Amino acid sequence: MPSSAIGIPERTNGHADNLNRTVSNSFNELSPSPTATFQSPPSSYGGQQRTSAKTLKPFHTQDIKVLLLENVNKTGQDILKKQGYQIETLKSSLAEDELIEKIKGVHVIGIRSKTQLTAKVLKHAKNLIVIGCFCIGTNQVDLKYAAENGICVFNSPFSNSRSVAEQMIGTIIALARQIGDRNNELHQGVWNKVSAGCWEVRGKTLGIVGYGHVGSQLSVLAEAMGMRVIYYDVVNLMSLGTSAQMPTLEALLNQADFVTLHVPEIPETINLISTQQLEQMKTGAYLLNASRGTIVDIPALVSAMQARKLAGAALDVFPNEPAGNGPKFTNDLNSWTDDLRNLNNIILTPHIGGSTEEAQAAIGIEVADALVNYVNFGTTAGAVNMPEVTLRSLTIDEPNHVRVIYIHRNVPGVLRKVNEILGDHNVDKQMTDSRGDVAYLMADISNVNTSQIKDLYQSLEDLGSRIWTRVLY
Ligand SMILES: NC(=O)C1=CN([C@@H]2O[C@H](COP(=O)(O)OP(=O)(O)OC[C@H]3O[C@@H](n4cnc5c(N)ncnc54)[C@H](O)[C@@H]3O)[C@@H](O)[C@H]2O)C=CC1
Ligand SMILES: O=C(O)CCC(=O)C(=O)O
């Protein structure tokens with residue numbers, strides 16, 4: 001069935017400057033499909049969950065196409081399947097050309113940290129209405145381009161934070177005791193019982209760069225082991241326990257025995273740790289990075305390790321990471337890979353900071369719920385690139401109501417024009433908000449009969465400011 005027949009409009013072309021839609025919702029399918037399987041959203045979404053909530057039927061759910069990449073957890077798959085959506089799952093991410101082909105037909109895409117949803121890729125995503133990042137980081141998505149083209153993006157802001165913090169605790173001890181090297185040697189049959197250069201972590205100073213969800217959780221765990229915690233963050237934050245905020249990154253680097261990085265990938269954090277910062281660290285200190293691979297200048301790290309400036313390092317993330325599992329961590333990926341592999345006391349892990357059963361199950365539920373609420377009800381609560389807009393559900397005793405969702409460019413005069421159109425009906429409730437250049441309006445209007453819906457939709461579509469119109473009923 002073509003997308004125009006299922007209530008999700010298709011983009012006319014892929015250019016960012018053309019935000020118009022050409023095809024409408026499915027007005028010839030106003031009677032509910034006998035096979036439609038809409039569910040009320042789960043109970044974690046506040047006002048949306050009244051038992052008497054009306055099930056909105058903007059389209060046949062079985063026509064919604066969902067592509068899930070990078071082994072999204074079964075918890076998330078199950079929630080989406082329960083809606084009747086068509087789900088295709090792949091264990092790995094896709095190269096750009098394959099992704100462009102696949103994304104053309106889907107309404108919903110779920111990814112983790114590797115899939116690059118650039119403007120170039122999204123230009124081909126003519127049916128896409130929503131992206132679910134089943135992870136914390138959203139640097140892999142062009143959030144601005146997505147918003148300007150009416151594509152809402154969700155993530156899971158903290159479901160794997162604890163897992164990352166625990167991995168860091170294990171890694172700090174492993175580095176302090178050179179456990180990685182001893183383990184490698186014994187696997188080769190070499191018994192090497194040494195204490196030189198091996199330390200307790202008690203009383204040592206942990207320097208946390210980025211005191212957000214992961215950094216602050218790590219702070220608490222590290223203090224419980226008797227470490228002194230200092231941190232640096234661009235925001236002034238409350239110190240947990242007896243930790244202390246440092247005025248500058250340099251001050252932290254000068255004092256810390258272990259420096260651990262927990263910042264997002266943004267232009268300001270690329271190569272945050274390079275030759276100069278490594279020089280500012282104490283001789284014999286350790287560096288850990290589980291944020292994003294681009295935060296550390298890796299050739300500079302290799303030099304610092306070779307010069308014995310640092311006693312050890314741990315990297316969970318790399319500038320280029322393989323799309324899937326296998327013997328792929330070679331110089332073909334990053335030119336310095338062999339140099340890293342040849343260093344002593346460097347722990348290399350394949351981006352598994354958030355990879356625990358607990359974290360992945362929780363992320364699957366959280367992001368899939370957000371996707372369902374967006375597709376079925378237009379709710380943007382928790383969106384990372386759109387204004388957050390939500391209204392309580394329509395109820396079953398409100399039969400002639402429709403929910404209008406109008407994503408538009410944030411320019412003067414739009415609300416007046418929209419309300420002129422909606423004003424022919426009774427606007428029961430309405431919420432609108434803007435974020436940068438994009439605004440999101442949600443309105444529940446009553447006394448609308450089905451023959452009026454198409455005109456209502458078309459009038460909104462005809463406004464020059466529109467990015468995307470949906471009418472749910
Ligand atoms: N290795 C893995 O599997 C995982 C990696 N991550 C990465 O870790 C990053 C951090 O995660 P969260 O703690 O949840 O993020 P968050 O957003 O809660 O905290 C980040 C903190 O960094 C601070 N920050 C931003 N720029 C800074 C700068 N230039 N210098 C110092 N501080 C700065 C922010 O103010 C904020 O407090 C994520 O963005 C993600 O890239 C997250 C989860 C799993
Ligand atoms: O588990 C993943 O794929 C990514 C984890 C991560 O880096 C994140 O949540 O930002």
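Counting from 1, the numbers follow the sequence of the chain as shown. Every number for a ligand or one of its atoms is a count from 1 in the order of the listing. In this text the structure is predicted, and so the values were computed from the model without any measurement. Any value given below was found using the heavy atoms of this structure, including those in side chains, with hydrogens, waters and symmetry copies removed.
Side chains of Q140 and T115 form no contact here, defined as non-hydrogen atoms less than 4.5 Å apart. Using a 4.5 Å cut-off on side-chain heavy atoms (C-beta onward), L287 and L261 make contact. At least one side-chain heavy atom of S465 sits under 4.5 Å from a side-chain heavy atom of Y406.
Between the side chains of N320 and N334, at least one donor-acceptor pair of N or O atoms lies under 3.5 Å. In this structure, a donor-acceptor pair under 3.5 Å is absent between the side chains of E223 and S243. If you check the side chains of S161 and Q217, you find no donor sitting under 3.5 Å from an acceptor.
Considering every non-hydrogen atom in both M168 and A290, the closest pair reads CE-CB, 3.6 Å. The two residues V209 and V263 have their closest heavy-atom pair at O-CG1, 3.6 Å.
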Anything under 3.5 Å between an N or O on ligand 2 and a protein N or O? List each pair with its distance, or write none.
from     : atom 1 : to   : atom 2 : distance (Å)
ligand 2 : 1 (O)  : R112 : NE     : 3.4
ligand 2 : 1 (O)  : R112 : NH2    : 2.9
ligand 2 : 3 (O)  : R112 : NE     : 2.9
ligand 2 : 3 (O)  : R112 : NH2    : 3.4
ligand 2 : 3 (O)  : S113 : OG     : 3.4
ligand 2 : 7 (O)  : R292 : NH1    : 2.8
ligand 2 : 7 (O)  : R292 : NH2    : 3.3
ligand 2 : 7 (O)  : H351 : NE2    : 2.6
ligand 2 : 9 (O)  : I136 : N      : 2.5
ligand 2 : 9 (O)  : N160 : ND2    : 3.0
ligand 2 : 10 (O) : I136 : N      : 3.4
ligand 2 : 10 (O) : G137 : N      : 2.7
ligand 2 : 10 (O) : R292 : NH2    : 2.7

Pick out the protein N or O atoms lying less than 3.5 Å from any N or O of ligand 1, and list each pair with its distance.
from     : atom 1 : to   : atom 2 : distance (Å)
ligand 1 : 1 (N)  : A290 : O      : 3.0
ligand 1 : 1 (N)  : D316 : OD2    : 2.9
ligand 1 : 3 (O)  : G353 : N      : 3.4
ligand 1 : 3 (O)  : G354 : N      : 3.0
ligand 1 : 13 (O) : H213 : N      : 3.3
ligand 1 : 13 (O) : V214 : N      : 2.9
ligand 1 : 18 (O) : H213 : N      : 2.9
ligand 1 : 18 (O) : H213 : ND1    : 2.9
ligand 1 : 35 (O) : D233 : OD1    : 2.6
ligand 1 : 37 (O) : D233 : OD1    : 3.4
ligand 1 : 37 (O) : D233 : OD2    : 2.6
ligand 1 : 41 (O) : R292 : NH1    : 3.3

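Taking 4.0 Å as the cut-off between side-chain N and carboxylate O, E358 and R162 do not count as a salt-bridged pair.
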